Amino acid sequence: MTGKIYEDIDINKPVTEIDKEILDYWKNNNIINEALNTKRDLKKFVFLEGPPTANGRPHVGHLMTRTMKDTVMRYKFMDGYDILRRTGGWDCHGLPVELEAEKHFGFNSKKEIEDFGIQKFNEYCRESVFRYIDEWHEVDDLIGFWIDQNKSYITLKNDYIESEWWALKTLYESKMLVKDYKIVPYCPRCGTSLSSHEVAQGYKNVDDPSVYVKFRERGYENRFFIAWTTTPWTLPSNEFLVVNPDFDYSLISSQGEEYYLLSSMVDTLFKDYKIIKTFKGRDLDGIRYEQLMPFLHVPDNALRVVTGDFVTAEDGTGIVHAAPAFGADDFEIAKRENVSMVNPVSLDGKFVDDLPWKDMFFENANIPIIDYLKKNKILFKSQKIKHTYPFCYRCGTRLMYYPLDAWFIKVSEIRNLLMENNEKINWFPDYLKDGRFGNFLAEAKDWALSRDRYWGTPLPVWKCKNGHYVAVGSREELKALGGNVPEDLHRPFIDDVVLKCPQCSEPMHREPHVIDTWFDSGSAPYAALHYPFNKEFNSETSIPVDFITEAIDQTRGWFYTQHVISSLLFKKNAYKNVLSIAFILDEHGQKMSKSKGNFVTARQFIDDFGADPARLFFFSGAPWNSKSIDRKLIGDLTRKSLGTLGNIYSFFASNANLDNFVFEKLEKSENILDMWLLSRLNSTIKSVRINMDSFNMHIALKNIMDLIDDFSNFYLRLSRKNFWEGELSEDKKRSYETLYFTLLSIIKMLAPMAPFYSEYLYQKLSGEKKSVHFEDYPVADTSYINEDLEKTFKYAETVLELSRRARQDAGIKGRQTVKEILIYSDVNLPEDVLNIISPELNAESIRLINQKDRPVKVVMKPVYARVAPVLRSKTSEFSDFVLKNSEKIYREIMDKGYTEYNDLQFKKEDFEINEIPDENYSFASADKLGLNVFINRHIDEKLKLIGYAREIIRRIQIMRKDMNLEYSEFINTSIDCTGDIKEAVQEYSDYIKKETLSREIKFGSGDDYRVWDIDGGHIGIKIETIN
RNA sequence: GGGGUUGUAGCUUAGCUUGGUUGGAGCACCCGGCUGAUAACCGGGAGGUCACCGGUUCAAAUCCGGUCAGCCCCA
């Protein structure tokens, strides 16, 4: 006995143990490092990591994006690319981090933070962003995310900030970064404005007041404009009423009062009324009205009706109340009309002195204001409305639209460029390109970049008292302008840097803002490489990167900001291919959230299922359709792919070791089953590659699993005997080679998706390279592909199915040999293919027959609706005639096209034609393929005895298996039986001996005999090993 | 209110681009079979108003219009 070449594996070994073993193997052999750092001078594939913030625990969704990234990179690596920028990245700044810090210290306002000290506050932020970094690293490790964390870019580093300064200076000098006074979405709790993509994250469905308010026309006691609003708290600041110049308005009278409103709304709001007059909106322009509440001082030229195109006829009354301080449209009106605005709300969201609702938080003032309107009889109607309204996406506070001094990037000016560059991006799924993303670009808003906060990249703009500004693009420039370069570029240190104005030499102080953290992450393409200070990045060649992927929420987040920044700075798109991934839902299909407590951490998920099963789960179904965690599905996927593969290996290993087979190379096999498997393999490789290349990894996985299924349940099932029987002939060698080669190819194909188990099997099977991940991805050898053969095998498989069905109908077990099976097929079924399935068909004779030789009887019936009107009283006579002479008439019609009866001609359509199988046969057909299978029902004495012999064999085999006997171990068998069965045992004892490795078969009886039921009778069997 | 997307068996889904046999799988369930690699496999059964309404067409799960519901995004 030589040693085992192919090591046995324990099929039931827990995946977690395998994971650990493989992780150790990778570490001990420096494999991960080698993969990350080997430069092979091949084609380049450039990746870019979307930076998470490590101040929260990684959850199962992160696991999914990481798996997608990893799988793509592994595939590209095996496919002969050097992967560039295979490094991590961490997003460090921003409101989320500050909020976390506020919570820690128990702060609730900016004043508290400033009293505490920005320096200490930021120190805490800096540490807290990496609170869970160890868990992230650990999870990356466990899931097999091969990425270089030692070279990760970190957005809080001075180098990173400096690159952004360069960008901001560039934008400032090209007048794309500007300071403006605008109405911006503003969180009064956080004390800062939000950009459009941040606002987009915080919409909620809410019930809000919907009030109709009466504004009295100046000079009339009882004449009112009815205006509509969902923000009663803005009513004290009303300065205009706005109508659409093109709409029709009516002045009506009802119950002693007169009202202006949109003509189309009159019936909705009034029952009894008279129309006094109708107007176009523009006719109302300039009409003065009385102030609604006499609290605030408004400019003299306010309080009049003006026109605006933004007024719609859908909501309200067609008359919009405008408070310029609290709405972008309103603000534009005030600007146009040259009227200053009235703002009674301070930066913390509270009303100021002049109002009865002093110190009240703005949204809390709605109810008392409605009460006030009611009391003063200027409320026409009040109800609730369900609509969506933006809230701060981090702290949940209702946003206000509020006038602020802020820095903007004029994104709206490059909309066309954004859209042109979008054309160069491959989106997966493709509908995002012109859908959600394209639409967003088409109406791109200016980017409100500045934040009045503490922990962020400082805005590098300084200003002197004469109103001169300078934007600083580097630490070097800071020095040149007379500033000290602090060791840390964050606040508060940077705030202390005073420059000398290049124009007037006055001292310059920094604009106090930090910038939107989305600018940080969106800058990753260049800032991660410290461009332009480090020449590793070259805007000509370094972007677009080849591939990025993140969850769907990043479509208007990171996907957008990168696209904008890249277009602004380099005029091109940031990435070529982008895969957008849907969310993972919990097992009930609910979105996961911390508050609901159904949040599954990455760690927990891996611990529960193991790395490869977790990864495979992410490839079940398209990644852009959300999926629920499904324990059963995961188990199933794993069993059918990895489990079956392990089992194939196990089969191969045990037999190859017995035969002393060692794979050297694949030589052409003449065995048709081998040829078929290699054809299947190569067609699969072809489609897998196509799908991997187009990021349809879920389809690639399905292709692979289909192959594994065919491999195991067809190839192996039908060729088992070949591997068991006989010596290691040349033919058998060819089959081993085929088996080995196919198995190895599948392992390689699966390696990017299931890197652990494939490594595990690879090391046992081949181990030629240090790791399966250093292998080349399989390339289809089309010379092996034989579509006809694959098709023929499909037919063969169907013949098997049909025979089983026909047996079942006839009540004949598969183990019972039948006299004959007749097969009719539209396509040619070669003999060698039939030979393969013949053991399973289990018949004395198997014959291919022609259509006309099929043992069927034609039974015809007249179609009465057609023949009766012609034949009249002869109809029933004809009917009998047809039934009796079906065969003859059928042949006649087939030959001539008609048959005659009583000098009348009848054609095919005059008959209902049925084929009934001969009663001696059981019949099954697959009409789509044109296949018929007939099984002779008649079981004669001889066949019956063979059947019994097989029943006995089967029982003995079960007993052998139960006793865990070696395949080659001989036994003695004793049987307790009578009658036919006894006769069968005597008649076929050689056959039984051979199949069960029985040295002898005795008849006997005893308590230690195992009792079996065969055909309703009991027989006993005992087997004993031979010492 | 607008845009996008999804809706197929109890559950997970293929098919829809390009209309054309009887809408195909898997899981679960029931019955049966096969098995000395496989908690694997195979046959049968039950389970479908292909969300709903309308249109185009000889013919619609598929194309068109509308409605409803879910999800995502925007105002």
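In the text below, chain A, chain B and the rest are named by the order of the sequence lines, each starting its count at 1. Computed from a predicted structure; not experimentally measured. Heavy atoms only: backbone and side chains are in, while hydrogens, waters and symmetry mates are out.
A side chain to side chain contact (heavy atoms under 4.5 Å, CB included) with P623(A) holds for exactly one of T549(A), L579(A), I552(A); it is L579(A).
Atom P of C30(B) sits at a distance of 45 Å from the matching atom of U67(B), rounded to the whole Å. Going from the P atom of U49(B) to that of G44(B) covers 23 Å, rounded to whole Å.
R639(A) comes within 4.0 angstrom of the backbone, heavy atoms only, and of no base. Counting any heavy atom pair closer than 4.0 Å across all strands shown, W724(A) reaches sugar-phosphate atoms only and no base atom. The residue L965(A) sits close to a base: some heavy atom pair falls under 4.0 Å. Using a 4.0 Å heavy-atom criterion, one finds that T644(A) contacts no nucleic acid atom at all. Among the atoms of the strands shown, none is found under 4.0 Å from any heavy atom of K627(A). Contact annotation for L716(A): base contact, defined as any heavy-atom pair under 4.0 Å involving a base atom. Counting non-hydrogen atoms under 4.0 angstrom, E840(A) reaches nothing in the nucleic acid. Residue contacts shown for E801(A) are limited to sugar-phosphate atoms, with no base heavy atom under 4.0 Å away. Base engagement by R717(A) is indicated by at least one non-hydrogen atom pair under 4.0 Å involving a base atom.
With a 6.0 Å radius and a threshold of 12 heavy atoms from other residues, nucleotides or ligands, K13(A) has its NZ atom above the threshold. Enclosure of atom NZ in K993(A) by more than 12 non-hydrogen atoms of other residues, nucleotides or ligands within 6.0 angstrom is indicated.
Of the candidate nucleotides G44(B), U38(B), G26(B), G44(B) has the atom nearest to the side chain of R805(A).
The distance between atom CZ of R720(A) and atom P of C41(B), rounded to the nearest whole Å, is 14 Å. Taking atom CZ of residue R436(A) and atom C1' of nucleotide U6(B), one finds them 12 Å apart after rounding to whole Å.
G43(B) is paired with C31(B) under the Watson-Crick or G-U wobble criterion, all donor-acceptor distances under 3.5 Å. Of the nucleotides present, G70(B) is the one that pairs with U5(B) by Watson-Crick or G-U wobble criteria, both distances under 3.5 Å.
Considering only side-chain N and O atoms, K961(A) lies under 4.0 angstrom from the phosphate OP1 or OP2 of U38(B). For the pair R815(A) and U35(B), the criterion of a side-chain N or O lying under 4.0 Å from OP1 or OP2 is met.
A salt bridge between R804(A) and E840(A) is present, with a side-chain N of the basic residue lying under 4.0 Å from a carboxylate O of the acidic one. A salt bridge between E797(A) and K794(A) is present, with a side-chain N of the basic residue lying under 4.0 Å from a carboxylate O of the acidic one.
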